[in-house]
Amino acid sequence: MSDRAFGRLLVTGGAGFIGSELVRQVMARRDGTRITVLDKLTYAGNRANLAAVEEDPEQAARFAFVHGDIADPAAVDPLVADADAVLNVAAETHVDRSILDPEAFLRTGVIGVHILLEAVRAEAAKDRIIRFLQVSTDEVYGDIPDGHSVETDPLAPRSPYAAAKASSELLIGAYHITYGLDVVMTRGSNTYGPHQHPEKLIPLFTTNALAGEPLPMYGDGMQVRDWLHVSDHAAGIDFVLRHGASGEAYNVAGAKLLPNRDVIGLLLEAAGRDWSLVRTVPDRPGHDRRYAMDGSKLAALGWVPRVAFEDGLPATVAWYRQHPEWVASARSGDWHGYYERQYGARLAAGRPVERQAEAG
Ligand code: NAD
Ligand code: DAU
C-alpha cells in the first residue's frame with residue numbers, strides 16, 4: 001500500500017464544517033505540511049472555525065487563507081500552481097436549499113470543479129502532477145431500500161444537490177481517463193459534530209431543543225442515515241489522499257445506521273428535553289428513505305471510523321450548549337428568511353408526535 005506525502009495542500013471550502021476539521025487535524029500533526037484554504041465564505045463558511053490554526057504561531061506560519069470562489073480561474077490558477085494536492089471540500093451542501101434554489105449548487109458543484117480540474121490539467125501539461133481529491137457523498141447512490149452501496153454501483157442521484165455531486169464525479173472520472181489526471185474521490189456518509197451549520201438535522205434539532213423551540217421532523221421520521229463523526233470523516237479524507245489508488249472512489253461509511261426518530265430520541269435525552277417539542281411536518285420532496293454504504297474497500301486499506309455515535313452525539317450536543325456565540329453567528333444574516341421559507345408553512349401544518357415509534 002502506498003503512503004504518499006504532500007507538502008503543500010490547497011483545501012477548498014476549508015472554513016466549513018468538514019473542511020475546517022480536516023485543516024485542524026492536518027495542522028495539529030505539526031509535520032511541516034503547509035495548507036492554503038480557498039473559501040468563498042458563503043453563509044456556511046466561518047473563519048472562526050479556523051481560529052485554532054490561525055491563533056497558534058507554529059501552525060499559522062504554515063497556513064494561508066484566501067477569500068475566493070472555486071469557480072473563478074483568477075483565484076484558482078495561482079493557488080493550484082503552488083500546491084502538491086488539491087482537496088476539493090467546497091460545495092453548497094444542504095439538500096433542502098438545493099430544492100428551494102438549485103443554481104448555486106451547479107455553479108459551485110459542477111463549474112467550480114471544472115475550473116479546478118482545468119488548473120490541475122494546466123500544471124500536468126508542464127509535467128507537474130498534482131493529486132486532486134474530490135469530497136463526494138453517499139447521496140450519489142440515491143435511495144437504497146436495502147443492502148449497502150459499493151463503489152462500483154451506478155450513480156442514481158435524486159435531489160439537485162446529489163445530482164450536482166454526481167455530475168462532478170463524472171467530470172472528474174472523465175479527466176482521469178482523458179487527460180490522465182491523478183484523482184481520488186471519497187463518498188462520505190451523514191456527518192455530525194462540532195461546527196456544523198444549524199440547518200442540518202442534528203445541529204438544527206440540538207439548537208432548537210436547547211432553545212425550547214419546535215423540532216420539525218419530516219414525515220414519519222423513519223428515514224435511515226448512517227452517522228459518521230466529523231473527526232472520522234476528515235481522517236478518512238486524509239487517509240484516501242495518502243493511500244487511495246488513482247482514479248478510484250472510496251466509501252467513507254459511518255459508524256451507525258439509524259432512523260431519524262432514534263437520532264431525535266437520543267438527542268432529546270442529551271439535551272434534557274422530551275418529545276413534546278417534536279412536530280411531524282410535510283416531508284421533503286423526493287426524500288431518500290435510506291442511505292447505507294459498505295465500507296470494506298477502505299477498511300481493506302486499513303481505515304475504519306473510531307467514534308461511536310453513542311459517545312459522539314452527546315458530546316456534540318454539549319458543544320452546541322457551550323458555544324452560544326458560534327450558534328448566534330451561524331443563525332445571523334439570512335437565517336430567519338431561510339427558516340421561514342423552509343419551515344413557516346410546514347410548522348403551521350405540523351402535528352405533535354405523541355411518543356417515539358418503534359424503530360423499523
Ligand atoms: P459546509 O456547508 O459546512 O461548508 C462548505 C464550505 O464551502 C463553506 O465554508 C463555504 O463557504 C465553502 N464554499 C461554498 N461554495 C464555495 C465556492 N464556490 N468557492 C469556495 N468555497 C465555497 O459543508 P460540509 O458539510 O463541511 O461539506 C463539505 C463537503 O463534504 C461537501 O463537498 C459535501 O458535499 C461533502 N459531504 C458532506 C457531508 C455532510 O454530512 N455534511 C457528507 C458527505 C459529504
Ligand atoms: O448523506 C450525506 C449527506 O448528508 C451530505 O452529502 C449532505 O451534504 C448533508 O447535508 C446530509 O444530507 P441529508 O439530507 O441526509 O442531511 P440533513 O441533515 O438535511 O437531513 C438528515 C435527515 O433528517 C433526512 O432524512 C431529513 C431529515 N430532516 C432534516 C431536517 C433539516 C428532518 O426530518 N427535519 C429537518 O428539519
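Worth knowing before you read on, the calculation uses all heavy atoms, side chains too, and leaves out hydrogens, waters and symmetry mates. Remember, it's 1-based here, ligands and their atoms both numbered in the order they're listed. One-based numbering along the sequence shown.
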So, [X] versus [Y]: side-chain donor-acceptor pair below 3.5 Å or not?
X	Y	answer
Tyr291	Glu139	yes
Thr207	Arg331	yes
Gln134	Ser168	yes
Arg29	Thr33	no

Shortest protein contact, [atom] (heavy atom only):
atom	result
atom 38 (C) of ligand 1	Ile18 CD1, 3.7 Å
atom 43 (C) of ligand 1	Gly188 O, 3.3 Å
atom 40 (O) of ligand 1	Thr191 N, 2.9 Å
atom 19 (N) of ligand 1	Ile70 N, 3.0 Å
atom 4 (O) of ligand 1	Gly16 CA, 3.5 Å
atom 35 (C) of ligand 1	Val135 CG1, 3.8 Å
atom 21 (N) of ligand 1	Lys40 N, 3.1 Å
atom 25 (O) of ligand 1	Phe17 CD2, 3.6 Å

Salt bridge check, [Y] against [X]: does any charged N sit closer than 4.0 Å to a carboxylate O?
X	Y	result
Asp82	Arg34	no
Arg289	Asp143	no
Arg187	Asp138	no
Asp238	Arg242	yes

Where does [X] meet ligand 1, judged by heavy-atom distances below 4.0 Å: at the side chain, the backbone, both, or neither?
X	answer
Asn46	neither
Thr93	side chain
Arg107	neither
His197	neither
Ala104	neither
Ser189	backbone

[X] to ligand 1: N or O pair under 3.5 Å?
X	value
Tyr161	yes
Glu199	no
Thr137	no

| request: Enter the distance from Leu215:CG to Phe205:CZ here, rounded to the nearest 0.5 Å. | output: 5.5 Å
| query | When rounded to the nearest 0.5 angstrom, what is the spacing between NE2 in His336 and CZ in Arg341? | reply | 15.0 Å
| message | Keeping Asn251 on the side-chain end and Met293 on the backbone end, is there a donor-acceptor pair under 3.5 Å? | response | no
| query | Checking Arg158 side chain against Gly286 main chain: does a donor-acceptor pair fall under 3.5 Å? | reply | yes
May I ask which of [options] has a heavy atom nearer to [atom] than the others do?
atom	options	result
atom 14 (O) of ligand 2	His287, Arg284, Arg97	Arg284
atom 31 (C) of ligand 1	Val89, Leu38, Leu22, Val140	Val89
atom 14 (C) of ligand 1	Ala330, Gly19, Ala91	Ala91

Looking only at distance, does [X] have an N or O less than 3.5 Å from an N or O of ligand 2?
X	answer
Asn190	yes
Arg225	yes
Gly188	no
Ser189	no
Tyr218	yes

Can a non-hydrogen atom of [X] be found less than 4.0 Å from any atom of ligand 1?
X	value
Ala15	yes
Ser136	yes
Gly68	yes
His233	yes
Asp39	yes

| query | Contact between Glu199 and ligand 2, counting heavy atoms under 4.0 Å? | reply | yes
| query | Quick one: is the NZ or CZ of Arg97 closer than 6.0 Å to the six-membered ring centre of Tyr338, and within 45° of its axis? | reply | yes
Provide the number and element of each atom of ligand 2 under 4.0 Å from a heavy atom of [X].
X	value
Tyr343	30 (C), 31 (C), 35 (C), 36 (O)
Met217	33 (O)
Tyr291	1 (O), 15 (O)
His94	19 (O)
Gln223	25 (O)

May I have the list of side-chain donor-acceptor pairs in residues 298-321 shorter than 3.5 Å, sequence neighbours left out?
{"from": "Glu310", "atom 1": "OE2", "to": "Lys256", "atom 2": "NZ", "distance (Å)": "2.8"}
{"from": "Thr316", "atom 1": "OG1", "to": "Gly312", "atom 2": "O", "distance (Å)": "2.7"}
{"from": "Trp319", "atom 1": "NE1", "to": "His323", "atom 2": "ND1", "distance (Å)": "3.4"}
{"from": "Tyr320", "atom 1": "OH", "to": "Gly193", "atom 2": "O", "distance (Å)": "3.4"}
{"from": "Tyr320", "atom 1": "OH", "to": "Gln196", "atom 2": "N", "distance (Å)": "2.9"}
{"from": "Tyr320", "atom 1": "OH", "to": "Gln196", "atom 2": "O", "distance (Å)": "2.6"}
{"from": "Arg321", "atom 1": "NH2", "to": "Ala270", "atom 2": "O", "distance (Å)": "3.4"}

Heavy-atom contacts under 4.0 Å between [X] and ligand 2: side chain, backbone, both, or neither?
X	result
Leu204	side chain
Asp138	side chain
Val95	side chain
Asn260	side chain

| query | Does a side-chain heavy-atom distance below 4.5 Å link Phe63 with Glu58? | reply | no
| Would you say Glu269 and Ile264 make side-chain contact, with heavy atoms under 4.5 Å? | no
| Between Trp335 and His197, does the ring centroid distance fall short of 6.0 Å? | yes
